[in-house]
Amino acid sequence: MRAAILSALVAVMLAFTVRVDAHHSFAAFNMQGEKTVSGTVKQFDWTNPHTWIWVNVPDGQGGVETWAIEGMSPNFLGRRGWSKSTLKPGDKVSVVIRPMRDGSKGGMFVRATMADGKVLVQTGEPTEP
Amino acid sequence: MHDMRIRGVAAVTAMAIASLWSASAAAQAPAATAPTTASKGPAAKAPTAADWAALAKLPDFTGVWELSFGGGRGGGRGAARGAGAIPQGPQLTAAATAKRKELQGVPREDNQTANCLPPGMPGIMGQPYPMEFLLTPGLVTIVIEAYTQVRHIYTDGRPLPADPDQKFHGTSIGHWEGDTLVAETVGFSPLTEIAANVPHGDKMRIVERFSLTDPDTMSIETTVTDPDVLTAPYTSMRTLKRHRSWAIAEYICEENNRNFVDQSGKAGINLNQAGTPAK
C-alpha cells in the first residue's frame, strides 16, 4: 500500500517535472541545492524558450556581480499571471534558485520575493479559463 | 551551439534559394502541370460551398487545447528524458532492448530539444504548451505552439505514400469513423524516438484516434507499431482541455536559447549576457 502511494506520488512528480520543463533537462543545475540571490533586477528577458532574470548582487567590495536566473517561457508564464513588466530594472528582489552545478553565477528560478513581500512563483495551473 | 547557428544560417540561406528557385520555376511552368513534389494539395478541385457546409456536421474540434494535468504527457524525445527515464509502456524486441541498454550506457544529459530541434512525433503531442485544431475541407491542421510546429492530417481520401520521406511529423492521412478522427502516420525522421532511448525503425506507424469525451475535453489514443522495435502495439492516452479564451502564442526557440547539449551528450548553459534581448 505504501509502495503504491509512493509510486503514485513519484508518477505525479514526474508528470509535474515534465510539465514545467519540456525544452531541456535539469542536468546543468544542482536540483538538491538551494541558494538565495538578493539584489536589484538589471534586466528581465521576456523571451523564448526561457525567461531570464539578470540580478545585480553587491560583491561586498563596492561593486556588483550579475547573476543569471532561468525561468519558464513567456508562453507558460503569460497564462499564469506574469507579464513582461512583472519584473523591472531597479526592482529589489530576492530569488531562490537551484544553482548551477559548475559554480557559475546562475541557476534555475524557484521563487522570488519582491520588496513589498509579494512572492512570485512559476508553477501551477493556468489562471485564464 | 555556435556550430548549430552556422548550420542554421546555411539552412535558411538554402531555403531562401530554394524558394526563389521554385517561385521562378512555377512562373515558367504551364498552368495545367500537376505538382511533381510530394506536397500535393489537399484536393485537386477547389472546395465547394457544400464541402464547407459539411464541416458543420463534424464534431467541433476547433480552438485551442492543452494537455490537462496528469493528461498523459510523455512518449518520444522531448517528453521523457535522462538516463534514468525508463519507459514503462513499450514492449521491446531483443534488439531494441539491447539498443536501449547501449544508449543508457552512454548517458545523455540532455536531448536535441535543448538545441531547439523539435521532438517530432510522437513527443510533439506531449508538450506542456497548447495546440490549435483547424478543420477545412479535406484537411485537419494542428498548429502546435511548442517549437512553432504544424501537422497536416489529410482527410481528402488520398492514400498514404508508398515510399514516404522521413519527416519529424511523418506523413498523415485521416478519416472519420463517426465522430472519431482516425489519423495514420508513416515515414519518420531518425531524429525522433518512440520513448527515451528507444529509437524507431523504418516501419514505425502511428495511429491516433481523436474524439470528444465532453464538449471541452478531447481524448487522443495513440498506438505505435514498429515490427523492428516493438513486440506489441504501444498505446497511450492523452486528455486535452479546450481553452476558448486562449490564442496560440509565438515560440521562437532560437530567440534567446542559452541551453545546449554537445555531441557527447553533455548539457550546458551559456550565461554570457552580451547581446541579450530584453524584449
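Side chains included, hydrogens not; waters and symmetry mates left out as well; all remaining heavy atoms used.
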Subject >> Phe29(A): ring pair (Phe, Tyr, Trp, His ring centres under 6.0 Å) partners, not counting sequence neighbours >> reply: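 With sequence neighbours excluded, Phe29(A) shows a ring pair (Phe, Tyr, Trp, His ring centres under 6.0 Å) to no residue whatsoever.
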Original post:
Does His243(B) have any ring pair (Phe, Tyr, Trp, His ring centres under 6.0 Å) partners at least two apart in sequence or in another chain, and if so, which?
Top reply: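 Here the qualifying residues are Trp246(B).
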**OP:** Show your working on side chain to side chain contact (heavy atoms under 4.5 Å, CB included) between Asp45(A) and Asn256(B) and close with a plain yes or no.
**Re:** CA-CA 9 Å; Asp45(A) 294 345; Asn256(B) 187 22; 3.4 Å; yes
Gap separating the [atom1] atom of [X] from the [atom2] atom of [Y], nearest 0.5 angstrom:
X: Tyr129(B); Y: Asn48(A); atom1: OH; atom2: CG; result: 6.5 Å
X: His50(A); Y: Cys253(B); atom1: NE2; atom2: SG; result: 7.5 Å
X: Arg101(A); Y: Glu109(B); atom1: CZ; atom2: CD; result: 8.0 Å
X: Phe76(A); Y: Glu66(B); atom1: CZ; atom2: CD; result: 7.5 Å
X: Thr47(A); Y: Asn257(B); atom1: OG1; atom2: CG; result: 9.5 Å

Original post:
Looking at Ser245(B), Ala267(B), Ala146(B), which has the largest count of heavy-atom pairs under 4.5 Å with chain A?
Top reply: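 Going by pairs under 4.5 Å, I would pick Ser245(B).
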Subject >> Side chain, backbone, both or neither of Lys42(A) within contact of chain B (heavy atoms, under 4.5 Å) >> reply: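 Interface part for Lys42(A): side chain.
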Original post:
Can you say whether Arg79(A) sits under 4.5 Å from chain B via the side chain, the backbone, both, or neither, judging by heavy atoms?
Top reply: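 Interface part for Arg79(A): side chain.
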Subject >> chain B-proximal positions within residues 109-117 of chain A [heavy-atom distance under 4.5 Å] >> reply: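 Interface residues of residues 109-117 of chain A: none, nothing closer than 4.5 Å to chain B.
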Original post:
If you take all heavy atoms of Ile269(B) and Met100(A), which pair is closest and at what distance?
Top reply: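 Heavy atoms of Ile269(B) and Met100(A) come nearest at CD1-SD, 3.8 Å.
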**OP:** Could you tell me how the ring of His23(A) sits relative to the ring of Tyr147(B): parallel (under 30°), tilted (30 to 60°) or perpendicular (over 60°)?
**Re:**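 Tilted: the ring planes of His23(A) and Tyr147(B) meet at 30° to 60°.
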Original post:
Around Lys266(B), counting heavy atoms of other residues, nucleotides and ligands shown, do more than 12 lie under 6.0 Å from its NZ?
Top reply: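 No - once you tally the heavy atoms of other residues, nucleotides and ligands closer than 6.0 Å, there are 12 at most.
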Original post:
Does Asp110(B) use its side chain to pair, donor to acceptor, with the backbone of Ser25(A) at less than 3.5 Å?
Top reply: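 A pair under 3.5 Å: yes.
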Side chains of residues 59-69 of chain A: which donor-acceptor pairs under 3.5 Å do they make with residues two or more places apart or in other chains?
{"residue": "Asp59(A)", "atom": "OD1", "partner": "Gln61(A)", "partner atom": "N", "Å": "2.8"}
{"residue": "Asp59(A)", "atom": "OD1", "partner": "Gly62(A)", "partner atom": "N", "Å": "3.4"}
{"residue": "Asp59(A)", "atom": "OD1", "partner": "Gly63(A)", "partner atom": "N", "Å": "2.9"}
{"residue": "Glu65(A)", "atom": "OE2", "partner": "Trp67(A)", "partner atom": "NE1", "Å": "3.3"}
{"residue": "Thr66(A)", "atom": "OG1", "partner": "Asn56(A)", "partner atom": "OD1", "Å": "2.7"}

Subject >> Any donor-acceptor N or O pair under 3.5 Å, side chains Glu145(B), Asn75(A) >> reply: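 Indeed, the side chains of Glu145(B) and Asn75(A) share at least one donor-acceptor pair under 3.5 Å.
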Original post:
Does the side chain of Glu70(A) come under 3.5 Å of the side chain of Asn259(B) through a donor N or O and an acceptor N or O?
Top reply: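 Checked: Glu70(A)/Asn259(B) side chains pair up, N/O donor to acceptor below 3.5 Å.
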Subject >> Greatest number of heavy atom pairs closer than 4.5 Å to chain B - which of Gly78(A), Gly106(A), Pro49(A), Ala27(A) >> reply: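 If we count pairs closer than 4.5 Å to chain B, Pro49(A) comes out on top.
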